[in-house]
Amino acid sequence: MENETIENILVNFKPAPLSFFRQSTENVAKELVGCLLLSFIKEGNQKVLLRIVETEAYLSYGDEASHSFRGITKRNQIMFKEGGVIYVYKIYGIHHCINVVTEIEGKGSAVLLRAMECVFAETVFPKDSFRGPGKLAKSLGFTLEDNGITLCGETPKIFVPKINDSKIRATSRIGISKSTEKLLRFCLEGSSYVSVDWKKGMA
DNA sequence: GCAAGGATCTAA
DNA sequence: TAGATCCTTGCC
């Protein structure tokens with residue numbers, strides 16, 4: 001395990017094709033759980049491989065909690081691009097959050113990455129480094145400069161398991177005040193890397 | 001339990 | 001242009 005290389009781990013995965021991001025947002029959010037994110041971190045000049053363990057879907061229609069609900073603005077314009085790019089925004093003036101844009105151009109939908117588990121890194125990260133959307137963005141070094149970059153290039157890149165047998169739970173989303181009834185948060189069941197216990201928010 | 005923190009959006 | 005809001009975190 002300790003001696004595994006990125007290449008060895010990725011044997012059981014395949015790069016997510018563009019079509020992966022064009023599915024319904026809810027589906028993409030669900031299927032991203034268990035996927036790996038390969039990313040390059042400027043800080044320390046290193047590659048990391050992370051397992052996505054928690055996501056939230058933000059829909060293009062009828063979802064008051066979504067940035068896209070009131071239409072296109074300067075901040076959210078990337079959400080309306082074609083799926084497969086990254087939407088980064090700043091929250092509470094302090095933290096950045098990373099979203100994966102979904103569906104086709106003009107829709108305005110995305111999946112928030114909320115928690116990940118470090119699978120491979122050249123230097124050691126504290127266990128909680130990727131637990132929570134703000135910390136995750138900080139550890140990866142993502143800022144507004146990364147808003148709009150593609151996931152279909154070299155890095156960052158999403159890898160989908162060839163056999164996805166992840167046990168996934170749907171719960172209500174965290175930190176929102178509207179459309180709280182929707183079960184659009186997806187967690188890897190039992191994972192200790194999830195930001196808020198998966199039992200919370202169960203219907 | 002709650003303040004920090006600043007951009008963003010809406011209403012006027 | 002003022003005022004409310006905000007997909008959080010770490011500290012009290």
Side-chain angles (χ1 to χ4, degrees), chain A residues 21 24-33 35 37 43 50 52-81 83-103 107-118 125-149 151 156 158 168-188 191-203:
Chain A
F21 303 103
S24 77
T25 304
E26 190 173 347
N27 249 348
V28 176
K30 203 181 299 176
E31 302 224 346
L32 273 175
V33 175
C35 287
L37 172 69
E43 177 96 16
L50 305 158
I52 298 169
V53 300
E54 182 183 349
T55 64
E56 282 178 2
Y58 287 87
L59 310 182
S60 61
Y61 183 79
D63 184 1
E64 281 193 276
S66 173
H67 283 176
S68 63
F69 184 67
R70 289 167 208 284
I72 193 164
T73 67
K74 188 174 182 187
R75 173 176 67 167
N76 69 18
Q77 54 182 317
I78 296 297
M79 277 185 88
F80 291 82
K81 297 276 189 190
V85 298
I86 281 181
Y87 167 50
V88 183
Y89 64 87
K90 204 172 196 181
I91 186 73
Y92 299 109
I94 310 170
H95 308 288
H96 294 278
C97 292
I98 305 174
N99 298 254
V100 175
V101 176
T102 61
E103 304 192 29
K107 281 288 195 174
S109 52
V111 173
L112 172 67
L113 301 181
R114 287 195 54 91
M116 306 199 264
E117 169 187 353
C118 190
F125 284 91
K127 173 171 174 173
D128 285 349
S129 296
F130 303 96
R131 180 176 176 157
K135 283 193 284 191
L136 169 164
K138 181 167 187 245
S139 296
L140 282 172
F142 277 57
T143 67
L144 294 180
E145 285 185 15
D146 300 294
N147 194 22
I149 63 175
L151 283 168
I158 298 279
I168 297 167
R169 309 296 298 227
T171 77
S172 57
R173 293 173 290 183
I174 307 294
I176 58 169
S177 56
K178 297 165 189 161
S179 295
T180 52
E181 77 288 351
K182 292 177 161 63
L183 299 183
L184 292 175
R185 171 178 177 247
F186 301 97
C187 305
L188 188 60
S191 171
S192 62
Y193 293 88
V194 165
S195 70
V196 180
D197 197 290
W198 61 266
K199 293 186 203 72
K200 185 179 174 183
M202 291 285 289

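Throughout, protein chains are lettered first and strands after them, A, B, ... in sequence-line order, and every chain is numbered starting at 1.
- With rounding to whole Å, A:R173 atom CZ is found 14 Å from C:dC6 atom C1'.
- A salt bridge is absent between A:R173 and A:E56: the closest approach of a Lys/Arg side-chain nitrogen to an acidic carboxylate oxygen does not fall below 4.0 angstrom.
- Rounded to whole Å, the distance from CG on A:L112 to P on C:dC6 is 15 Å.
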Distance-only donor-acceptor pairs under 3.5 Å for side chains of residues 86-94 of chain A, two or more places apart:
residue, atom, partner, partner atom, Å
A:Y87, OH, A:H67, ND1, 2.8

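- Inspection of the A:T102 and A:S109 side chains reveals an N or O donor paired with an N or O acceptor under 3.5 Å.
- Salt-bridge check for A:E54 with A:R114: passed, with a basic side-chain N closer than 4.0 Å to an acidic carboxylate O.
- Using a 4.5 Å cut-off on side-chain heavy atoms (C-beta onward), A:T180 and A:S172 make no contact.
- Look at CD on A:E64: it is 12 Å from P on C:dC7, rounded to the nearest Å.
- Scanning for side chain to side chain contact (heavy atoms under 4.5 Å, CB included) contacts around A:Y193 gives A:V53, A:E117, A:K127, A:S191, with sequence neighbours left out.
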> Which parts of nucleotides 7-12 of chain B does protein reach within less than 4.0 Å, heavy atoms only, written one letter per nucleotide 5' to 3' as B for base, S for sugar-phosphate only and - for none?
Replying inline: -SSS--
> Pairing of DNA chain C as dot-bracket, 5' to 3': ( ) intra-strand, [ ] crossing, | other strand, . unpaired, with Watson-Crick or G-U pairs under 3.5 Å?
Replying inline: ||||||.||||.
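- Atom NZ in A:K138 sits about 17 Å away from atom P in C:dT8, given to the nearest Å.
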Could I get a table of every N or O pair under 3.5 Å where one atom is in the protein and the other is in nucleotides 9-12 of chain C?
residue, atom, partner, partner atom, Å
C:dT9, OP1, A:G132, O, 3.4
C:dT9, OP1, A:P133, N, 3.2
C:dT9, OP1, A:G134, N, 2.8
C:dT9, OP1, A:K135, N, 3.2
C:dT9, O4', A:H95, NE2, 3.2

Output a table of donor-acceptor pairs, distance under 3.5 Å, between side-chain atoms of residues 136-143 of chain A and any protein atom two or more places apart or on a different chain; print 'none' if there are none.
residue, atom, partner, partner atom, Å
A:S139, OG, A:S129, O, 2.7
A:S139, OG, A:K135, O, 3.1
A:T143, OG1, A:E145, N, 3.2

>> Run the side chain to side chain contact (heavy atoms under 4.5 Å, CB included) test on A:F130 and A:L113 for me, step by step, so that the C-alpha distance in whole Å, both residues' side-chain angles and the decisive distance to 0.1 Å come before the verdict.
In response: CA-CA 10 Å; A:F130 303 96; A:L113 301 181; over 6 Å; no
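- Going from atom CD of A:E26 over to atom P of C:dC7 covers 19 Å, rounded to whole Å.
- With a 4.5 Å cut-off on side-chain heavy atoms, A:I158 and A:L32 count as touching.
- Using modelled atom types, one finds a donor on one side chain and an acceptor on the other under 3.5 Å when comparing A:E103 with A:T25.
- Distance, A:H67 NE2 to C:dC6 P: 9 Å, rounded to whole Å.
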